[in-house]
Enquirer: 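Before I ask anything, let me first share the structure, which is written out below as structure tokens.
We count ligands from 1, going down the list as the structure has it; atoms in each ligand are counted the same way. Since the model is a prediction, treat every value here as computed from it, not as a measurement.
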Amino acid sequence: MHTSWSFPPSFESSIREALKSFDLTLEDSKALAKCVLALSDYFIQKPDGQTPWHESWAQIAYLAYFLPLNATRLNRLVHEADARGFFEGIEHVIDFGAGLATASLTLSEKHHFKFHLVERSQEPQKLIEKYFTQFKAEEWQKTWGKQNLKDPKKTLALFSYSLTELSDIPDWAYNCEALMLVEPSTQQDGRKLLDLRQKLIDKGYQAWAPCTHQLACPLYSQSKHDWCHDRVHFAAPSWFLKMEEQLPMKNRTLTMSYVLMRKTPAPKILAARVVGDRLEEKGKDRQMVCRSPEREFLAWLHKTGLRQEIPRGVLIDLPADLPKVSNELRVNQEIKVLK
Ligand SMILES: C[S@@+](CC[C@H](N)C(=O)[O-])C[C@H]1O[C@@H](n2cnc3c(N)ncnc32)[C@H](O)[C@@H]1O
């Protein structure tokens, strides 16, 4: 059984209020979908283009579609980070390329950090200050540099869908104790993130999640095509489903690629992480797992009568005595999923 995720409930009334300023409601499915299509077409035509925040259709699309989707992904990610104790000792968050403060809003539901938002466009700040009054930012800045960094040892630099145009994190971020990097789960962005993970490890950071170890990533070093990504089941509200009926893209599950890094050494994880969906093959089912630089699969041979589908992205307790044949760990008992 998988767990379903959504965006924090407090967002809905804020989105509803913000849409009123465009004479829209969440029930105006067709009009909302038209804006979503306009923004997706814009990014298809200009993959490296800046979000056109000055356009009302872009603001509407972000409010009704991209904010709920990204916040749902981030909700799952914050849960994973909390389970690892990742935020311990963190007091400041620099949300770079904050847009509608998606990541800070989601984090602020559970944590009382001082949020420093960096966003080159003005429109998102206006929308957030007017309609998301439950959220209080320490400051909004158009740019950020080393001189702005006051307490790097207690600071998390957060890049939520804002690294795509950069080949590396900015210099000041290397001074920060913690890094949260979230990227679209495409092959190109996902592999770029794995490259950056290795670079950060070489510079002294440790990977806290999703990685279970600090060695080479098997998806990156043992394959030219794979990239690490998680899958989140989206419990969409009815207004979202109605809007989606008008769209060619469906979002019952959402994928995301992320890494959580800190200078503080990561607590040892004795578990393995499931990094693949279940693949049904002749005579067996397989799911990829990660616990070392080796590319390995759990394998359920059909003749054993054992069957299990483990949600992608979770940690599992691997029995020590599973027989290994080539790159397959042959399952002979139920695998325990960890919380
Ligand atoms: C794809 S949006 C992501 C928004 C948000 N972080 C999220 O997760 O939904 C990227 C945002 O980064 C902003 N941005 C891009 N480059 C920037 C820069 N160099 N300085 C400040 N903001 C930047 C853009 O204006 C845009 O709002």
Side-chain angles (χ1 to χ4, degrees), residues 5 7-8 11 14-15 18 35-36 38-78 81 93-109 113 115-129 132 135 137 139-149 156-173 179-186 188-190 192-193 230 232 234 251 254-260:
W5 295 87
F7 49 90
F11 285 22
S14 300
I15 297 171
C35 296
V36 175
L39 190 54
S40 339
D41 286 347
Y42 171 89
F43 281 122
I44 290 168
Q45 276 157 28
K46 297 187 184 170
D48 295 329
Q50 283 296 313
T51 312
W53 283 112
H54 58 284
E55 303 281 4
S56 9
W57 48 265
Q59 296 178 32
I60 295 165
Y62 228 96
L63 282 163
Y65 188 79
F66 294 100
L67 172 68
L69 289 181
N70 286 353
T72 300
R73 294 177 168 104
L74 289 156
N75 219 358
R76 161 82 185 96
L77 177 47
V78 170
V93 171
I94 301 163
D95 185 350
F96 184 85
L100 277 184
T102 320
S104 296
L105 280 173
T106 310
L107 254 178
S108 70
E109 291 282 314
F113 297 132
F115 291 98
H116 309 262
L117 295 100
V118 188
E119 172 53 56
R120 58 156 66 116
S121 303
Q122 290 170 355
E123 291 82 359
Q125 180 182 357
K126 287 188 191 148
L127 286 169
I128 294 300
E129 286 179 344
F132 290 74
F135 174 71
E139 60 181 326
W140 285 79
Q141 298 287 351
K142 288 202 172 6
T143 56
W144 193 267
K146 253 187 193 142
Q147 70 285 357
N148 299 89
L149 209 54
L156 165 75
L158 200 172
F159 297 82
S160 169
Y161 300 93
S162 54
L163 262 188
T164 29
E165 300 139 52
L166 307 173
S167 57
D168 197 350
I169 56 173
D171 279 352
W172 56 263
L179 303 170
M180 181 188 258
L181 314 177
V182 195
E183 281 288 273
S185 187
T186 61
Q188 194 187 350
D189 289 324
K192 204 174 88 184
L193 190 60
D230 199 350
V232 179
F234 179 33
N251 297 281
L254 312 172
T255 52
M256 66 169 164
S257 290
Y258 71 93
V259 286
L260 302 180

Enquirer: If I apply the N/O under 3.5 Å rule, does Gly97 come out as touching ligand 1?
Expert: yes
Enquirer: Would Asp95 count as a polar contact of ligand 1, with the cut-off being nitrogen or oxygen pairs under 3.5 Å?
Expert: no
Enquirer: Measure Ala98 to ligand 1 on non-hydrogen atoms and call it side chain, backbone, both or neither using the 4.0 Å cut-off.
Expert: backbone
Enquirer: Are the aromatic rings of Phe66 and Tyr161 close, with centres under 6.0 Å apart?
Expert: no
Enquirer: Of all the atoms in ligand 1, which lie at a distance below 4.0 Å from a heavy atom belonging to Asn70?
Expert: 7 (C), 8 (O), 9 (O)
Enquirer: Going by heavy atoms in the side chains, are Trp144 and His116 under 4.5 Å from each other?
Expert: yes
Enquirer: Passes side-chain hydrogen bond (donor to acceptor under 3.5 Å, both in side chains), Thr102 versus Asn70? Steps please.
Expert: CA-CA 7 Å; Thr102 320; Asn70 286 353; 5.2 Å; no
Enquirer: Going by the order shown, which atoms of ligand 1 are within less than 4.0 Å of some heavy atom of Phe96?
Expert: 18 (C), 19 (N), 20 (N)
Enquirer: With heavy atoms under 4.0 Å as the rule, classify the contact between Lys142 and ligand 1 as side chain, backbone, both or neither.
Expert: backbone
Enquirer: Relative to the heavy atoms of Tyr62, which atoms of ligand 1 are at a distance of less than 4.0 Å?
Expert: 1 (C), 2 (S), 3 (C), 4 (C), 7 (C), 9 (O)
Enquirer: For the 3.5 Å polar cut-off, considering only N or O atoms, please tell me whether Tyr161 and ligand 1 meet it.
Expert: no
Enquirer: Give a yes or no answer on whether the side chain of Tyr42 reaches the backbone of Gln50 with a donor-acceptor pair at less than 3.5 Å.
Expert: yes
Enquirer: Between ligand 1 and Trp144, can you find any atom pair, the residue atom being a heavy atom, that is separated by under 4.0 Å?
Expert: no
Enquirer: For Glu129, I'd like to know if atom CD has over 12 heavy atoms of other residues, nucleotides or ligands within 6.0 Å.
Expert: yes
Enquirer: Is the Trp172 ring parallel, tilted or perpendicular to the Phe159 ring (thresholds 30°, 60°)?
Expert: parallel
Enquirer: Quick one: does Thr255's side chain have a donor or acceptor within less than 3.5 Å of a partner on Asp230's backbone?
Expert: no
Enquirer: Counting only nitrogen or oxygen atoms and a 3.5 angstrom limit, does Trp53 reach ligand 1?
Expert: yes
Enquirer: Quick one: does Thr51 get within less than 4.0 Å of ligand 1, heavy atoms only?
Expert: yes
Enquirer: Would you say Lys142 has more than 12 foreign heavy atoms packed within less than 6.0 Å of its NZ?
Expert: yes
Enquirer: Should the proximity of Phe66 to ligand 1, defined as any heavy atom under 4.0 Å, be assigned to the side chain, the backbone, both, or neither?
Expert: neither
Enquirer: For atom 13 (C) of ligand 1, which candidate among Glu123, Glu119, Arg120, Gln141 provides the closest heavy atom?
Expert: Glu119
Enquirer: Has the side chain of Glu119 got a donor or acceptor atom that lies under 3.5 Å from a matching backbone atom of Gly99?
Expert: yes
